[in-house]
Amino acid sequence: MFWQTTRFGIDLARPRVMGIVNVTPDSFAHGGARCGAGAALAHCERLVKEGADILDIGGESSRPGAARVSAADELARVLPVLRGALALGVPVSVDSCKPQVMREALDLGVDIVNDIQALQAPGAIDLIAAHRSCGVCLMHMRGDPRTMQAAPQYVDVVAEVGAFLSERTAAAIARGVTPERIVLDPGIGFGKRSEHNLALLARQRELLAVDRPLLVGWSRKSTLGELTGRAVQDRLAASLAAALAAVLRGARILRVHDVAATVDALRIWRAAGLDSPSPSPASHNPTEASAALGNSRPT
Ligand code: HH2
């Protein structure tokens with residue numbers, strides 16, 4: 001099973017670690033410590049040294065209640081960091097829901113668009129479909145970051161998230177995005193209370209029925225704080241436990257802040273023989289993506 005991206009076919013035979021780089025003054029997990037391009041790029045370099053398989057670079061916080069950022073401001077934040085990160089030898093993802101930001105990032109050569117709105121913005125699907133090979137992550141969110149935590153309600157959160165991801169996958173494929181370019185994310189914490197997030201973890205395997213690899217982001221999220229009583233900077237153990245539980249239930253890409261610790265945890269996991277690739281989604285012909293074995297390699 002490979003994830004096709006612009007320059008790399010990412011082999012998902014083993015779980016992959018996506019390191020988070022927020023070039024924002026207001027992210028929930030670091031409070032703006034890496035707002036400048038120089039600091040953000042140094043952070044990218046550090047995450048690659050720690051073993052990140054993918055870098056995910058974003059210029060707009062999506063924490064509950066976050067203020068919107070204009071496309072121009074978002075571009076000013078992320079473009080210099082993306083430019084530098086593209087030289088680091090790993091796939092680079094831009095975390096954005098704005099087509100203008102996606103377009104300029106793709107023009108630079110980024111490998112993946114990570115969209116918390118699952119390409120619902122006008123023009124977003126066509127932009128991705130027009131690109132030859134970039135990867136895309138389609139994430140579920142109920143509402144938008146300003147309002148999403150105002151009493152979210154579901155009858156069956158797992159079924160509803162699954163139906164949404166299925167519909168967005170079908171929409172992207174119908175417009176010409178090939179399936180091997182798509183991964184899916186249940187959107188932990190996006191318009192969901194803790195009970196919803198935990199149901200999505202407990203029944204995560206049901207989401208594999210959509211037949212695309214799963215990416216999940218539990219790192220430092222508030223449900224972990226609710227369960228442990230710990231502040232955001234003290235949620236490493238909880239984040240690792242949630243990440244491994246997600247891998248156990250079929251996730252293949254972990255979006256994390258703490259790359260070194262997650263890489264170590266996965267190393268022990270594999271050494272213990274716990275990592276057998278999930279039975280679904282069905283593997284597809286790897287020659288379509290790349291001939292890569294082991295680490296991701298340029299296509
Ligand atoms: N979570 C955040 C942002 N982007 N993308 C995906 N695919 N999945 C996630 O779970 C996800 C995401 C929020 O976390 P973070 O980037 O650390 O915070 P902020 O949005 O405040 O910068």
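Just follow the structure's listing: the first ligand is 1, and inside any ligand the first atom is 1. Just so it is clear, the values below take in all heavy atoms, side chains as well, and ignore hydrogens, waters and symmetry mates.
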- [ ] Report yes or no: does Arg168 contribute a side-chain atom to a donor-acceptor pair with the main-chain N or O of Leu119 at less than 3.5 Å?
- [x] yes
TODO: Please work out whether any backbone atom (N, CA, C, O) or any side-chain heavy atom from C-beta onward of Met139 is under 4.0 Å from ligand 1, and answer side chain, backbone, both or neither.
DONE: side chain
Open item on the list: Between His196 and Tyr154, is the ring centroid distance below 6.0 Å?
Closed with: yes
Task: Residue selection (non-hydrogen contact nearest atom 13 (C) of ligand 1) among Gly58, Cys97, Ser62, Ser93 - done: Ser62
Open item on the list: Taking only non-hydrogen atoms of Trp218, do any sit less than 4.0 angstrom from ligand 1?
Closed with: no
Open item on the list: So for Cys137, does at least one of its heavy atoms come nearer than 4.0 angstrom to any atom of ligand 1?
Closed with: yes
- [ ] Report, in ascending order of atom number, the atoms of ligand 1 lying under 4.0 Å from any heavy atom of Arg63.
- [x] 20 (O), 21 (O)
TODO: Tell me which part of Ile116 gets within contact of ligand 1: side chain, backbone, both or neither, using heavy atoms under 4.0 Å.
DONE: side chain
Task: Minimum non-hydrogen distance to atom 5 (N) of ligand 1, winning option of Leu184, Asp56, Val232, Asn114 - done: Asn114
TODO: Find out whether Asn197 and Leu201 are in side-chain contact, i.e. whether some heavy atom of one side chain is under 4.5 Å from a heavy atom of the other.
DONE: no
Open item on the list: Tell me whether Arg220 reaches ligand 1 (any heavy atom closer than 4.0 angstrom to a ligand atom).
Closed with: no
Could you list the donor-acceptor pairs under 3.5 angstrom formed by side chains in residues 236-248, with sequence neighbours left out?
from   : atom 1 : to     : atom 2 : distance (Å)
Ser239 : OG     : Arg220 : N      : 2.9
Ser239 : OG     : Arg235 : O      : 2.6

TODO: Mark yes when over 12 heavy atoms from residues, nucleotides or ligands other than Arg230 sit less than 6.0 Å from its CZ; otherwise mark no.
DONE: no
Side-chain atoms of residues 156-167: list all donor-acceptor pairs with protein atoms under 3.5 Å, sequence neighbours left out, distances to 0.1 Å.
from   : atom 1 : to     : atom 2 : distance (Å)
Asp156 : OD1    : Val158 : N      : 3.2
Asp156 : OD1    : Ala159 : N      : 3.2
Asp156 : OD1    : Arg203 : NH1    : 3.3
Asp156 : OD1    : Arg203 : NH2    : 3.3
Asp156 : OD2    : Arg203 : NH2    : 3.4
Glu160 : OE1    : Arg142 : NH2    : 3.1
Glu160 : OE2    : Val155 : N      : 2.8
Glu160 : OE2    : Asp156 : N      : 2.9

TODO: Find out whether Leu207 and Pro186 are in side-chain contact, i.e. whether some heavy atom of one side chain is under 4.5 Å from a heavy atom of the other.
DONE: yes
- [ ] Using a strict 4.0 Å cut-off to heavy atoms of Asn22, name the atoms of ligand 1 that fall inside it.
- [x] 15 (P), 16 (O), 17 (O), 18 (O), 22 (O)
Task: Proximity to ligand 1 by part of Val216, non-hydrogen separation under 4.0 Å - done: neither
